[in-house]
Amino acid sequence: MLFTAKKWLRGPNRIDKVQSAERHDVDPVTVAVVQGLQESPIAARPDTKAVGRARRQVNSLREMAELPDTLSYLLGEIARFPNEERLQQIAAQALERFQDPRAFAVWRGIDSRFPNSRHAYVRLLRWTIRLGGTDAGRNIHAERYPEEPKQSEGMFVFARALIELKDFEEAEQALSKITQMGDVSEAILLDVAKLYLSINQPLRAREIVNASQDRFGPSVKNLSVASQVDANISALERAVESSSGADNDPQEFLIEHVFNEAKRLRPSAQTDNKGFLGHLILVNGGLGSGGAERQLTNTALAIKSAIEGGRLFNGHDVIGPVQILCRSLNSRSGSDFFAPLMSQAGFNVHQYVEFEKFAGRPGWSCLREVIHCLPYLPFPMREGLVQAADVLRQASPDVIHIWQDGSVLALGLAALFANVPRIVLGVRTLPPVDRAERNKPEYKIVYRLLLSAPGVVIVSNSLAAAKRYEEWLDLPRGTVRIIPNGLEPLSLAADEATLAMARAFSKNNPRDCFTVGSAMRFDNNKRPLEWLDIAAAFASSRPDVRFIMVGDGPLHSAAMSHARKLGIEDRVLFTGRSQHVGFWLSQMDVFLLLSRHEGLPNVLIEAQYSGLPVVATPAGGSGETFDNGRTGTLLPSIERVDPKEVAKVLDSWCRPLSERELLAKQIREYATERFSIDSMLALTLEAYLN
């Protein structure tokens, strides 16, 4: 085993503990509230003085022997004021002071009684994770939030829950969205700022405080939080010897300081390549159903096949081994999509959130000179360094290929500290500056500092993305190497459940209907609601058309509701997430994709491998995947998508059966010639070795 860090193991009885708490622990707060309501038909008004007395009582707790009397006092107060949430929270906190698992039942009761609470669900989630593990926490979170909240207060709770689940990247995206919401209050903004302070991100907190002052003015509360922020920024500046960087942004200077330490420890000139590919580690956040994950999987499988077959690529031997490193396979629903395929191929996918911090030896860590700086780094970087840098140092790979911006931010610096000779940064769509949910100031400095280190190269799967990264980072033209995606035709196989779904749909919408389809993540980028608007416009002009939408995501329920509003629900099949995309493509006649931003979308290539003409917006490298006018149609605009005009384009691809077969053959030949696995692998190995 090349990774030597021990994995974090859940105890065998964690789920049992949760179930035990659910079955046997009586929620004393619930009992008190019920008694109070029975005794008095009109609940007493909340009493601020009672809350203050209760808080002082709990703060004075010193020994567990004092807990029963304190609880007895609190339950009496709760019975008097059953509608005062703060008293019930104080009771839960009293139990927490002594790690009493009955706190789980109390928080669950509070969450049930006060569904708009900003604290109860987060604490319930924390106890669920503590007693049942991360998987149990993810399960209740998925039930609570099938979609993102639409209001700022709900989004704040949602973001705090993501932090409990250690999904820091998603949490920060949620916090960024709060500042743009129309209903956001000063109190919510200041709570966001204080949350950033709690996770050692004072500069992000200052941005929020400034936004609050711009919107609501310099109130007393705002100035108080601003004072806390200033104190934290002063501590950040003292974290490094900042005299030489006094005029710089403190966090930018801190990041540069840590990078300089990594580069100081790194050989000035990396060892020349050995003429063959040795130990390779492929890195991504997870193994979900996205395009990057599919390409990582294809790359891993192709290299493994080359190793086993003794094949040469451009005269280079492929020796290996190849390993897969992800942040987590359960960070969100579906993030293990390709895990079964990797397992079947013999890969053991490592998850760095499960590694011991500093590989279990902080005193010997390659980070020991900068450990005092780590708390002030952006949390994806901090997590990547603490969890993975020393493990990578022990593994000693020849090449590490990091896929996508989030993983570059998290593990690029860790790979530098680990002294990996060749670090390949894989970018796949527009840079963070062009995507509001990703636009964080540290991205630019991290990319520029990484690319200034010896042995670091950057690759993209499309010319459009490469040009945009070069413009953003002020890189010479041609710095970003182009490696188009490599794919093989998808299998047409389907399980019985999939076949039954297709048969049921065909009862009212026969297969000889002209079928418009897509496979997408149901989110704002892919615009499923606008896709349905086009479907409705097309359906209004011809009765023999049907629609198939493959995929899942936060807008899935909204899309189904929208189809009902448009009156086309009987003509649209929502398959949900599917392992049988190839089968569904075989049921379509034309493929429609409405992305706002893309790299080089695999799904357009896969559709052409299935013989389908494609219609797509000119997002990123979409236009590089097909021959406009011959194998598909590139729409004129990304933002302006007119349903009637797009419906006409779709209708133009409805051909007689004889023409359709010839067209499908022509489209398959184009895809095979442009996007083979062998071509992709040859260019990938060139980036690894040259």
Side-chain angles (χ1 to χ4, degrees), residues 48 51 85-86 89 114-123 145 148-165 167-239 247-255 375-382 409 432-445 524:
T48 302
V51 172
E85 181 190 352
R86 289 174 296 174
Q89 290 179 8
F114 299 93
N116 295 321
S117 171
R118 288 169 55 187
H119 305 285
Y121 170 64
V122 175
R123 302 299 273 270
Y145 293 108
E148 284 189 354
K150 300 295 190 294
Q151 296 181 323
S152 60
E153 194 150 352
M155 184 66 87
F156 180 69
V157 176
F158 178 72
R160 288 182 63 198
L162 289 172
I163 291 173
E164 293 294 329
L165 292 166
D167 292 341
F168 297 123
E169 189 78 9
E170 293 83 356
E172 188 151 14
Q173 290 181 36
L175 292 172
S176 297
K177 290 176 183 176
I178 291 173
T179 62
Q180 307 301 318
M181 289 181 160
D183 72 326
V184 69
S185 65
E186 180 187 48
I188 290 289
L189 284 177
L190 295 180
D191 279 347
V192 170
K194 288 186 279 188
L195 182 59
Y196 274 124
L197 287 181
S198 73
I199 55 177
N200 290 315
Q201 296 293 293
L203 290 170
R204 198 80 83 231
R206 183 167 65 183
E207 293 173 10
I208 303 300
V209 168
N210 290 343
S212 177
Q213 288 188 359
D214 290 344
R215 193 161 180 171
F216 300 104
S219 68
V220 173
K221 289 182 179 179
N222 197 302
L223 293 174
S224 174
V225 177
S227 176
Q228 297 174 46
V229 170
D230 289 341
N232 277 262
I233 289 175
S234 296
L236 186 156
E237 291 170 337
R238 291 193 299 271
D247 296 331
N248 295 344
D249 179 284
Q251 181 141 43
E252 182 175 318
F253 181 75
L254 179 69
I255 292 172
Y376 298 99
L377 292 175
F379 39 67
M381 293 178 69
R382 180 170 73 243
L409 180 65
V433 70
D434 293 337
R435 292 179 287 156
E437 77 281 4
R438 292 273 181 184
N439 189 15
K440 293 180 285 188
E442 58 264 26
Y443 267 114
K444 186 168 187 175
I445 186 171
N524 185 56

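Fair warning: this is a prediction, and the values are worked out from it, not measured in the lab.
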If you define the side chain from C-beta out and look only at heavy atoms, does anything of [X] sit under 4.5 Å from [Y]?
X      : Y      : answer
Pro441 : Glu252 : no
Ser224 : Leu190 : no
Arg215 : Glu186 : no
Ser185 : Ile188 : yes
Phe156 : Glu153 : no

Please identify each residue that fulfils side chain to side chain contact (heavy atoms under 4.5 Å, CB included) with Thr179, with sequence neighbours left out.
->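 Applying side chain to side chain contact (heavy atoms under 4.5 Å, CB included) to Thr179 gives Leu189, Ile208.
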Heavy atoms only: give me the nearest [X]-[Y] pair and the separation to one decimal.
X      : Y      : answer
Gln89  : Ser117 : NE2-OG, 4.1 Å
Ala161 : Val122 : N-CG2, 4.3 Å
Ala159 : Ala171 : O-CB, 3.7 Å
Pro202 : Val229 : O-CG1, 3.6 Å

Output the distance between atom [atom1] ([X]) and atom [atom2] ([Y]), rounded to the nearest 0.5 Å.
X      : Y      : atom1 : atom2 : answer
Ser152 : Ile178 : OG    : CD1   : 7.0 Å
Gln228 : Arg206 : CD    : CZ    : 15.0 Å
Glu172 : Leu195 : CD    : CG    : 10.0 Å
Tyr196 : Leu175 : OH    : CG    : 4.5 Å
Gln213 : Leu223 : CD    : CG    : 6.0 Å
Met381 : Leu254 : CE    : CG    : 8.5 Å

Mind checking what makes salt bridge (Lys or Arg N to Asp or Glu O under 4.0 Å) contact with [X], not counting sequence neighbours?
X      : answer
Glu442 : Arg204
Arg160 : none
Lys221 : none
Glu148 : Lys177

Under the side chain to side chain contact (heavy atoms under 4.5 Å, CB included) rule, what do Tyr145 and Val157 come out as? Steps first, then yes or no, please.
-> CA-CA 11 Å; Tyr145 293 108; Val157 176; 3.5 Å; yes
Could you verify whether a donor N or O on one side chain and an acceptor N or O on the other, from Asp183 and Gln151, lie under 3.5 Å apart?
->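 Note: Asp183 and Gln151 side chains miss the donor-acceptor criterion.
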Could you tell me which residues satisfy ring-ring contact (aromatic ring centres under 6.0 Å, His included) with Tyr443, sequence neighbours excluded, listed by chain and number?
->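 Tyr443 satisfies ring-ring contact (aromatic ring centres under 6.0 Å, His included) with no other residue.
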Step through it carefully: locate the ring centre of Tyr121, locate the ring centre of Phe158, and say whether they are under 6.0 Å apart.
->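 No; Phe158 has its ring centre 6.0 Å or more from that of Tyr121.
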Give the C-alpha distance, both sets of side-chain angles, the deciding distance and a yes or no for side chain to side chain contact (heavy atoms under 4.5 Å, CB included) between Lys194 and Val225.
-> CA-CA 7 Å; Lys194 288 186 279 188; Val225 177; 4.2 Å; yes
